[in-house]
Structures are given as structure tokens and as C-alpha cells.
Amino acid sequence: MGAVGQPFRSGQEFQGIRRVRARSRPPLAYASGGNGSIHQLAMEMLKQRAGINLVHVPYKGGAPAATATVAGEVAAMFSGTSSAPQIKAGSCAPLR
């Protein structure tokens, strides 16, 4: 999911900006529920395969990570179904 107000709303748009952001300074920040979590590993895999300059910001669980994403402190995060309420409310958007 991505924070509302980010320059991407879909996976295709994310792919489009990756060229611009590949060497961005400062890099885009992404949240996870902690070091070594499946969500961090998935984002690291995306980072490596897409060649995007991202920095990991670990939180103590998925709820604080989702809160940071909704607040715009980070650009994106991988999340499970626990983010459905924020998506329904329109405070964040899923990448499609």
C-alpha cells in the first residue's frame, strides 16, 4: 500500500517513477513491521529487482508501520489484509 499523496497510485505508475527514483537522493522510505519480517523481505526483493533506491524504516509491528504510511512519514509498505480499514477509508491506496 502507498500513502495518499505519493506520486504513484498503481503498480504501473510505481514502475514509471522507478526510473526517476532509481538514484533519488534522499531515497524513498518504506515501512515494515520489523527487521526480517516477510514484508521487509518482499520490499527488499522489489527494491533489488526494480533497481529502486529505497530505505527501510522498521517499526514494532504492522499497526505502527501502517500508521506511519497513512501519515505520510514513509512512501509505502507491503501489508496484508490488516490494512483493509485504511484502504476502505481512503487514507491509503493499494498498488494494483
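Every value quoted in this text rests on a predicted model; they were computed, and no experiment measured them.
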Once salt bridge (Lys or Arg N to Asp or Glu O under 4.0 Å) is applied, what residue pairs with a partner in residues 34-48 remain, sequence neighbours excluded? E44-K47

Not counting sequence neighbours, list each pair that qualifies as a ring-ring contact (aromatic ring centres under 6.0 Å, His included) and has a residue in residues 37-71. Y30-H56

Contacts of A29 that satisfy side-chain contact (heavy atoms from CB on, under 4.5 Å) - sequence neighbours left out: V55, V57, V74

dist N35:CG -> L41:CG (nearest 0.5 Å) comes out at 9.5 Å

Scanning both residues in full, the closest heavy-atom pair of G34 with S37 reads O-OG, 3.0 Å

Distance-minimising heavy-atom pair for S32 and A65: O-CB, 3.6 Å

